[in-house]
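Chain letters run A, B, ... following the sequence lines, proteins first and then strands; every chain starts at 1.
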Protein chains: 2
Amino acid sequence: MREPPVTGGRSPDLRDYETSNCPVAGAMDILGEKWTLLVLRDLFAGVRRFDEMQARLGAPRALLSKRLRRLEDAGIVQRVAYREPGARARHEYRLTDKGKDLNTILVALKEWGDRWVNAPGRAPTDLVDRETGAPVRLALVRGGDGREVTARDLRMVPGPGAIPKRQA
Amino acid sequence: MREPPVTGGRSPDLRDYETSNCPVAGAMDILGEKWTLLVLRDLFAGVRRFDEMQARLGAPRALLSKRLRRLEDAGIVQRVAYREPGARARHEYRLTDKGKDLNTILVALKEWGDRWVNAPGRAPTDLVDRETGAPVRLALVRGGDGREVTARDLRMVPGPGAIPKRQA
DNA sequence: CAGTATCCGGTGCGATACTG
DNA sequence: CAGTATCGCACCGGATACTG
């Protein structure tokens, strides 16, 4: 039996389910190491070579090497060999589809950082529509009609993979 | 002078700007320590008391204490004292507005984790509209008309706070 | 219940230096 | 240019115990 809810408990209550298969935990398991998300930020910004990345990040080379390998093992990044005419072989790092799909995470972090960390109105980058140049932002939209909803309209409910805790 | 772009360089190139004021780095500076985002996940799920959080996370108590203090110092979480009638005083942790605004980051992590980490179609939680019950997801929308755009339509350009690198 | 304090072995990080 | 090797130190994780 749980304590009486201090604040109006939702029902069904998410706290009655396991956290072992939490997707946030799964994501952070790969992305949560130091430097990793900054590596990805740079990859999204078009940085593809080891040294340039290292110079921008200021991270220890050994660490960067380790992170890139981890991302490669996770299928987020692909090491691609190439050779410019007359130059010696090199290789670069590229985002896979799985890696490109991290875009919204980066955008969410950027937007929050812009709102709460940096000086207001001083964002170092803007997201715009490639065609029109109109600003682009992240929003919660409702399936079906694609209408935008606010965070307050949002509700989390147990999904198909929810695992109830024993002794419910 | 930079190396000739291996892949078609955008222009203006984001790599010509400083990373010192990067909002992603700013956000990760606060959120990037181990356990922190999982603590926030639990707070969003309605967990407010220390011991319950500790039990769900499995994190060392000392660590959890440290993380909560850090979040409190950052203005993301607020320690609130309360007393149930006839019980002794306690206190709980609540998200501030700054904390609630982390919602999209958590949702982005969740969605990516659901797509790439867990078994397909087995998400432990679903996001739905509180009124209609329709599924809700994160999307990139264009300012003005609020139309959804794809990641491919997206472009990052230097913003008002961009700091050019010397020797451009 | 809600922490803080202490210890201790392991891991991760950062700085530097070296190699192909 | 693209890493690997090494080394001290800080921090983490886990256990245990103590305080209010």
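- Computed from coordinates, the B:L57 CG to D:dC12 P distance equals 15 Å when rounded to whole Å.
- Per the geometry, CG belonging to A:D29 stands 15 Å off C1' belonging to C:dG12, to the nearest Å.
- Considering only side-chain atoms of B:R61, the nucleotide from D:dC12, D:dG13, C:dG3 that sits closest is C:dG3.
- Pairing of D:dG20, defined by two Watson-Crick or G-U wobble distances under 3.5 Å, is identified with C:dC1.
- Proximity note for B:P60 (side chain, C-beta onward) versus C:dG12, D:dG14, D:dA2: the nearest is D:dG14.
- The main-chain N or O of A:T150 is found under 3.5 Å from a side-chain atom of A:D153 such that the two form a donor-acceptor pair.
- Residue A:R69 places its side chain closer to D:dT4 than to any other of D:dT4, D:dG3, C:dC13.
- When the C1' atom of D:dG3 is taken as reference, atom CD of A:E52 falls 16 Å away, rounded to whole Å.
- Phosphate proximity of C:dA2 to B:R48: absent, as no side-chain N or O sits under 4.0 Å from OP1 or OP2.
- Comparing C:dC13, D:dT4, D:dC12 against the side chain of B:K66 picks out D:dC12 as the nearest.
- In this structure, B:Q54 places its CD atom 14 Å from P of D:dT16, rounding to the nearest Å.
- Electrostatic pairing of A:R61 and A:D51 counts as a salt bridge here, judged by a charged N lying under 4.0 Å from a carboxylate O.
- Applying the 4.0 Å criterion to OP1 and OP2 of C:dG3, one finds that B:Y93 has a side-chain N or O inside that range.
- Among the nucleotides D:dA2, D:dG13, C:dC13, the one closest to the side chain of A:K34 is C:dC13.
- Close to C:dC1, at under 4.0 Å from its OP1 or OP2, lies no side-chain N or O of B:H91.
- Listed here is the closest heavy atom pair of A:P124 and B:P23: CG-CD, 3.6 Å.
- Judged by distance alone with a 3.5 Å cut-off, no donor-acceptor contact links the side chain of A:R49 to the base of D:dA2.
- A:R67 CZ to A:L37 CG: the interatomic distance, rounded to the nearest 0.5 Å, is 11.0 Å.
- In this structure, A:M53 atom CE and D:dG3 atom P are separated by 10 Å, rounded to whole Å.
- The phosphate of C:dG14 has OP1 or OP2 within less than 4.0 Å of a side-chain N or O from A:W35.
- Summarising the geometry, atom CZ belonging to A:R41 is positioned 14.5 Å from atom CG belonging to A:L102; distances are rounded to the nearest 0.5 Å.
- Rounding to whole angstrom units, CG of residue A:L68 and C1' of D:dC1 are separated by 14 Å.
- Relative to the side chain of A:R67, the nucleotides D:dA2, D:dC12, C:dG12 differ in distance, and C:dG12 lies closest.
- Within the structure, a side-chain polar atom (N or O) of A:S65 is placed less than 4.0 Å from OP1 or OP2 of D:dT4.
- Computed from coordinates, the A:L63 CG to D:dC7 P distance equals 18 Å when rounded to whole Å.
- Side-chain N or O atoms of A:Q54 include one that pairs as donor or acceptor with a backbone N or O of A:A59 at under 3.5 Å.
- Checking C:dA2, D:dC12, D:dG3 against every side-chain atom of B:E33, the shortest atom distance belongs to D:dC12.
- Ranking D:dT4, C:dC1, C:dC13 by closeness to the B:D51 side chain, first place goes to C:dC1.
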